[in-house]
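One-based numbering along the sequence shown. Note that this is a predicted model, so its numbers are computed, not measured.
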Amino acid sequence: MIEFIAHNLAPIMFVSVMAMLLLGYPVAFTLAAGGLIFFVIGVELSSISNEIRLFWTLLQSHPERIYSVMYNDTLLAVPFFTFMGILLERTRMAEELLETIGQLFGPVRGGLAFAVILVGALLAATTGVVAASVIAMGLISLPIMMRYGYDRPLAAGTIAASGTLAQIVPPSLVLIVMADQLGRPVGDMYAGALYPSLITVGLYCAYIAFLAVFRPHLVPALPPEGRTLGGGVWSLLALVIVAVGLCYASYYLLYAGMRYEPRFVAACVTGTLAAYLFSLANRHFGLGILSRLAEQVVIVLIPPLTLIFLVLGTIFLGIATPTEGGAMGATGALILAIAKRRLSLDVLKRALDSTTRLSAFVMFILIGARVFGLTFYGINGNVWVEELMLSLPGGETGFLVTVTIMIFILGCFLDFFEIAFIALPLLAPIADKLGIDLIWFGVILGINLQTSFLSPPFGFSLFFLRSVAPKDPWRDKVTGALMPPVKTLEIYKGVVPFILMQFAMIALVIIFPGLVMHYKDVPPPVTVPQEMQAPLPALEGIGEPSASAPSPGPGGLPPLELPGGPPIGGGDAAGDLPGLPGLEPLAPPTVGGPAQGGTLAPAPGEPPAPAGGNDGTLPGLEPIAPPVFGQ
């Protein structure tokens, strides 16, 4: 029995720790306690099994392993992005976005659902936190959609699915942690996830458009009395055209002499700032040139879009690292809150408190995972997992399908950070050994975790929405009508179509890896301008050799003259080595007798060389004459 336990200690440890996590014990303490308990067991069983490589002095490595968590530059981006997202949510930016975009798309069937999806993508690109996005949109959008007759399961499913976009849309916290665990640059992970995240948003919008055409009663348009900002789309369109024209004009005229990256940034800032300032002037001076709708859309949308560009644009253009981008985003969120006069000491304190809690939560889980990992690797747990995964049929495809199913199931019960710190370090080496690109692998897992966040009955997004959705009948503030509560079954029913779209997205990324692999695209080679290709002017003393100059030696170099001695080098056209003073040239080795003009075979008619002698030479090879000095 003891031999059986010693031989199978790795699977016993893994199953035991997973069972404790599923029972609801704190993650960080469960991982650390499981690692220490099985460390003691492993040391005691190390004399029985050669597969266990644990000894007591190995515990001394834990301080250094924990310190490595603390000074990890990549994980420093987590508190920055968390602070930025929470501060923007506390300053009611999400509320303004939902109301404004809802008014913009209001006359269109499904306009409120389109607004929820687009705002979910914007919030994902600014907050990166699923809980903040789902709760904010659940509090703001769900009552409005129910007020104007949207299908209740559809409204709940749209809000839950749009909130989980924060899992995959850069700058997601999920992508930061995943890049750290996979040992890949965060910028590459952001670039690889860009197209899949945009396609996911497009699939959601296409689903709403399909319902608007074939099931219009499920997604009605806003009635005229609900359009508080009125019309004025053409005014907005004209302003956008003028702003784009200013961007192009400044790019080719004002900033023509700048390098590409700062030139592009400066041109975009010029056009966007001009539109924003004009909208502010139209509001404050009552110019009446822009409609109320156009004015509100520009004033509300441009600050968060600028913040997104400040973070993601600088990272993609190579101007800033992800950590620096997060710091700029946090600073930009503070500036926005001050500019809108919504930054108070209480708001700042709450944002810092939430940021500290989440950052400490992540760090403690990672510390517990380090303690768990030391023991698990010491009992050859990584070898057990590798053999298990490599024995799957289907090679790379079989591995991806199996991992997708496994992560999906784990995601229904465990938080992302728990999966990232436990499963990813075990799966990444196997994927690398199979030749799977780790950025591609990480994006597949990110979409998979986004799907698991929606899956009943344990999807985290469902819990977040359930916590803010009305549980009892409530009275609408605008219409005064008594509204029925939102049932949990309606939330589960509404997310099913979005789960199917997520699985379709995973299949697309697996079938078409180029959707992610574009991050590897090599920029075109730099071409040298024609005016830089002219020959350099000849300097004095450098140029054509004079008549008195020594003849060049091998390779076109003149012989080197030493003081008081003959020249070294020169050589002839045959490529002889330059001679040194007092050193006779070495005789070339020959096969079969005296030198035959440098040939390696006997001359015609000459007898073959003897098999060798007693002087230690090789058969048929005459000894090399020693060099003679002091001639």
Side-chain angles (χ1 to χ4, degrees), residues 84 88 93 96-97 100-101 104-105 114-115 118-119 121-126 169-171 187 190-191 194-195 197-199 201-202 205 232-285 287-320 324-325 328-329 331-333 335-336 339-340 518-519 521 523-524 526-527 529:
M84 178 182 71
L88 292 175
M93 186 199 73
E96 287 187 342
L97 282 172
T100 303
I101 298 183
L104 178 62
F105 289 96
F114 286 127
L118 294 179
V119 171
L122 289 176
L123 290 179
T126 50
V169 174
Y190 282 175
L194 183 61
Y195 290 168
S197 60
L198 293 177
I199 295 174
V201 174
C205 292
V233 177
W234 293 110
S235 174
L236 176 62
L237 183 61
L239 183 62
V240 170
I241 293 174
V242 171
V244 172
L246 284 175
C247 289
Y248 273 96
S250 58
Y251 184 85
Y252 289 104
L253 298 177
L254 293 179
Y255 311 113
M258 298 175 64
R259 196 164 51 90
Y260 168 74
E261 289 87 354
R263 181 183 179 188
F264 176 76
V265 172
C268 290
V269 168
T270 300
T272 306
L273 186 61
Y276 186 69
L277 293 178
F278 184 75
S279 300
L280 287 177
N282 186 80
R283 167 175 290 184
H284 288 289
F285 296 107
L287 301 179
I289 300 175
L290 295 177
S291 64
R292 284 185 60 204
L293 177 65
E295 176 187 287
Q296 180 72 7
V297 167
V298 172
I299 292 176
V300 170
L301 272 183
I302 283 184
L305 290 177
T306 303
L307 192 62
I308 293 171
F309 179 78
L310 181 68
V311 176
L312 292 182
T314 53
I315 294 174
F316 289 156
L317 292 174
I319 300 174
E324 294 167 347
M328 289 191 296
T331 306
I335 294 174
L336 282 181
K340 292 180 177 291
H518 67 88
Y519 82 94
D521 292 345
V526 179
T527 58

Anything under 3.5 Å between a donor and an acceptor, one on a side chain of residues 270-278, the other on a protein residue two or more places apart or in another chain? List them.
residue	atom	partner	partner atom	Å
Thr270	OG1	Tyr255	OH	2.7
Thr270	OG1	Ala266	O	2.8
Thr272	OG1	Cys268	O	2.8

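- Under the 4.5 Å side-chain criterion, counting only non-hydrogen atoms from C-beta, Tyr252 is in contact with Arg263.
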Identify all side-chain donor-acceptor contacts of residues 297-310 below 3.5 Å with residues at least two apart in sequence or on another chain.
residue	atom	partner	partner atom	Å
Thr306	OG1	Ile302	O	2.7

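- When all heavy atoms of Val169 and Ala121 are compared, the closest pair comes out as CG1-O, 4.1 Å.
- Between Ala267 and Tyr251 the shortest heavy-atom distance is CB-CB, 3.8 Å.
- The line from CD of Glu295 to CG of Leu236 is 11.5 Å long, rounded to the nearest 0.5 Å.
- Atom OG1 of Thr100 and atom CD of Gln296 lie 4.0 Å apart (nearest 0.5 Å).
- In this structure, the separation between CG on Leu290 and CG on Asn282 is 4.5 Å, given to the nearest 0.5 Å.
- Between the OG atom in Ser279 and the CG atom in Leu287 there is a gap of 10.5 Å [rounded to 0.5 Å].
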